[in-house]
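Computed from heavy atoms alone, side chains included, the values below leave out hydrogens, waters and symmetry copies. In this text, all values refer to a predicted model and were calculated from it rather than measured experimentally.
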Amino acid sequence: LLGISATGNVISVPWSRLGHLLVAGQTGSGKSSFLRLLSYQAIAEGAVLVLGDLDGATFPMLDGHPSLLLPIATEPEAFREAVERVLGECNHRARLYRQVAGFPETLEEYNDLAVKEGREPLPRVVVILDEFNSAVRADGGASAKGRLADVSARLAWRGRKFGVHLVFAAQDFTKEVVGRVRDQVAAAICFRLRSPQTARAVGCTGANRIPVDKPGRAVTDRWGLIQTFYLDKGRLAAAAPSAGLTEEEQVIARWALEENDGYLGLADLRRRFGMGQREARRLAAEWERRGWLEKDRRAGNRRRLTDVLAGLLDDKATNLTKHDKVDKA
């Protein structure tokens with residue numbers, strides 16, 4: 001969920017079709033809130049997060065969060081190391097792709113094939129680099145000497161096939177920095193910007209004219225003018241890597257906790273809930289990966305729900321709220 005268009009339509013795009021993003025906006029324009037909105041939804045859907053926060057002001061509430069692949073990067077060198085780590089993950093996933101039959105070209109294809117073969121599915125990796133422009137400049141710039149710019153461009157080129165999504169964000173972008181990544185991003189989302197030159201450079205002409213009193217308002221090159229959804233940052237602080245329980249999953253979990261002493265096996269999923277073998281194996285593997293299901297050695301390695309999932313069932317969090325609707329004009 002991203003926001004509402006000028007015609008009143010809700011803009012909702014699955015990660016598989018979202019691609020990489022370029023996000024720009026001055027302080028107070030809604031940029032940071034939007035980045036936290038993306039993070040919250042990534043956590044809810046079981047993704048792994050890699051965060052760069054040069055000023056330490058956008059994601060302090062996620063410090064030490066279990067969804068993080070690495071500690072939050074707050075220095076240019078740490079930005080580069082984080083991107084290089086995800087490039088290494090792409091290499092690892094390339095080897096895994098070659099190990100399954102069917103020649104997968106996307107994460108969805110690989111996970112379907114992997115589950116058939118009894119392998120664990122892979123999570124998405126969402127990389128959000130805030131103040132990317134400043135980090136690149138501090139790391140040698142966008143020239144050949146700038147390693148951060150180089151490895152980021154390489155990751156943008158390779159990552160999508162392996163379920164990696166990049167979000168390049170900054171208050172301002174120079175033409176040199178934009179030039180290294182612009183062709184790889186699927187959409188530019190620009191909140192209020194300081195100058196028309198910057199707006200043109202990132203492909204969002206008119207973003208400099210967004211009123212100061214319209215936080216969350218953004219010009220995009222994919223959906224036109226939008227009003228992005230607002231998420232209170234306190235909600236992000238309480239986010240668990242499990243907030244995305246479907247209604248069916250809630251029914252299954254409650255049955256296991258209330259009627260089966262917390263145990264949940266493949267046979268239960270097949271007999272009690274009518275799942276096929278493939279579907280049951282996939283759900284069990286996904287729950288184990290998220291830390292919702294674990295093997296109980298004291299009970300012959302029977303799978304049992306964890307306290308993490310039990311706590312989720314008591315979560316009464318409300319739906320996302322949003323900024324005021326965008327003016328149709």
Side-chain angles (χ1 to χ4, degrees), residues 1-45 47 53 57-59 61-62 126 128-133 165-173 178 182 185-239 243-244 317-329:
L1 287 168
L2 301 180
I4 297 178
S5 71
T7 56
N9 296 318
V10 173
I11 300 168
S12 178
V13 187
W15 290 105
S16 59
R17 292 196 290 110
L18 187 60
H20 306 316
L21 299 177
L22 188 151
V23 180
Q26 291 181 269
T27 300
S29 65
K31 173 180 68 71
S32 295
S33 178
F34 181 71
L35 298 180
R36 289 191 284 262
L37 172 70
L38 294 177
S39 301
Y40 182 86
Q41 294 180 90
I43 292 171
E45 296 182 32
D53 188 4
T58 303
F59 298 113
M61 69 293 293
L62 288 179
V126 177
I128 302 177
L129 303 176
D130 198 13
E131 299 309 328
F132 178 71
N133 191 81
H165 300 269
L166 274 160
V167 181
F168 301 105
Q171 294 188 41
D172 197 6
F173 279 97
V178 170
R182 188 65 184 86
V185 300
I189 300 174
C190 302
F191 298 89
R192 188 179 72 257
L193 294 173
R194 181 176 296 104
S195 70
Q197 291 80 11
T198 299
R200 287 194 297 269
V202 296
C204 297
T205 300
N208 58 296
R209 296 195 297 270
I210 296 175
V212 175
D213 62 348
K214 297 295 182 182
R217 185 70 49 86
V219 174
T220 78
D221 64 352
R222 185 166 166 183
W223 304 284
L225 186 66
I226 70 172
Q227 187 70 39
T228 56
F229 287 110
Y230 173 75
L231 177 79
D232 186 276
K233 55 188 175 183
R235 291 283 303 281
L236 183 57
T318 58
N319 292 329
L320 296 176
T321 57
K322 57 180 180 292
H323 285 297
D324 54 305
K325 292 184 178 180
V326 70
D327 297 329
K328 292 188 177 181

For Ala187 and Asp221, the nearest pair of non-hydrogen atoms, with its separation, is CA-OD1, 3.5 Å
Do Ser33 side-chain atoms and Gly30 backbone N/O form a donor-acceptor pair below 3.5 Å? no
Does any part of the side chain of Val185, heavy atoms only, come nearer than 4.5 Å to the side chain of Leu21, both counted from C-beta? no
Note: Ala186 and Gly19 closest approach over all heavy atoms is CB-CA, 4.1 Å
Any side-chain heavy-atom pair from Ile43 and Leu62 closer than 4.5 angstrom? yes
Please report the shortest heavy-atom distance between Ala218 and Ile210, naming the atom on each side. CA-CD1, 4.0 Å
Point-to-point distance, once rounded to the nearest 0.5 Å, from NE2 of His165 to CH2 of Trp15: 7.0 Å
Would you mind reporting whether Phe168 and Val178 have side-chain heavy atoms less than 4.5 Å apart? no
Ser39 vs Ile128, side-chain contact (heavy atoms from CB on, under 4.5 Å): CA-CA, chis, key distance, verdict: CA-CA 8 Å; Ser39 301; Ile128 302 177; 3.3 Å; yes
If I take atom CG from residue Leu22 and atom SG from residue Cys190, how far apart are they, to the nearest 0.5 angstrom? 6.5 Å
Do Val23 and Phe191 come close enough that some side-chain heavy atom pair is under 4.5 Å? yes
Any side chain to side chain donor-acceptor pair (under 3.5 Å) pairs touching residues 199-212, not counting sequence neighbours? none
Minimum heavy-atom distance between Ala170 and Lys31, given as atom pair plus value: O-CD, 3.6 Å
Tell me whether the count of non-hydrogen atoms from other residues, nucleotides or ligands lying under 6.0 Å of CZ in Arg194 goes above 12. no
Where is the tightest heavy-atom contact between Arg217 and Leu225, given as atom of each residue plus distance? CD-CD1, 3.9 Å
Are any non-hydrogen side-chain atoms of Thr220 and Ile11 less than 4.5 angstrom apart? no
Measuring from atom CG of Asn133 to atom CG of Asp172, what distance do you get when rounded to the nearest 0.5 angstrom? 6.0 Å
Side-chain contact test, heavy atoms from C-beta onward, threshold under 4.5 Å: evaluate it for Asn9 versus Trp223 and give yes or no. no
Given Tyr230 and Leu37, is the side-chain contact (heavy atoms from CB on, under 4.5 Å) satisfied, shown in steps? CA-CA 7 Å; Tyr230 173 75; Leu37 172 70; over 6 Å; no
Would you check if the side chain of Arg36 reaches a backbone N or O of Phe59 as a donor-acceptor pair within less than 3.5 Å? no
Say whether, by atom type as modelled, one donor and one acceptor occur between the side chain of Gln227 and the main chain of Pro215 under 3.5 angstrom. yes
Please test Leu38 against Val126 for side-chain contact (heavy atoms from CB on, under 4.5 Å), starting from the C-alpha separation and ending with a verdict. CA-CA 9 Å; Leu38 294 177; Val126 177; 5.8 Å; no
Distance in Å, Phe132 CZ paired with Leu166 CG, rounded so as to fall on 0.5 Å steps: 8.5 Å
Between Arg222 and Leu2, is the side-chain contact (heavy atoms from CB on, under 4.5 Å) condition met? List the steps. CA-CA 12 Å; Arg222 185 166 166 183; Leu2 301 180; over 6 Å; no
Any side-chain heavy atom of Thr58 sitting closer than 4.5 Å to one from Glu131? no
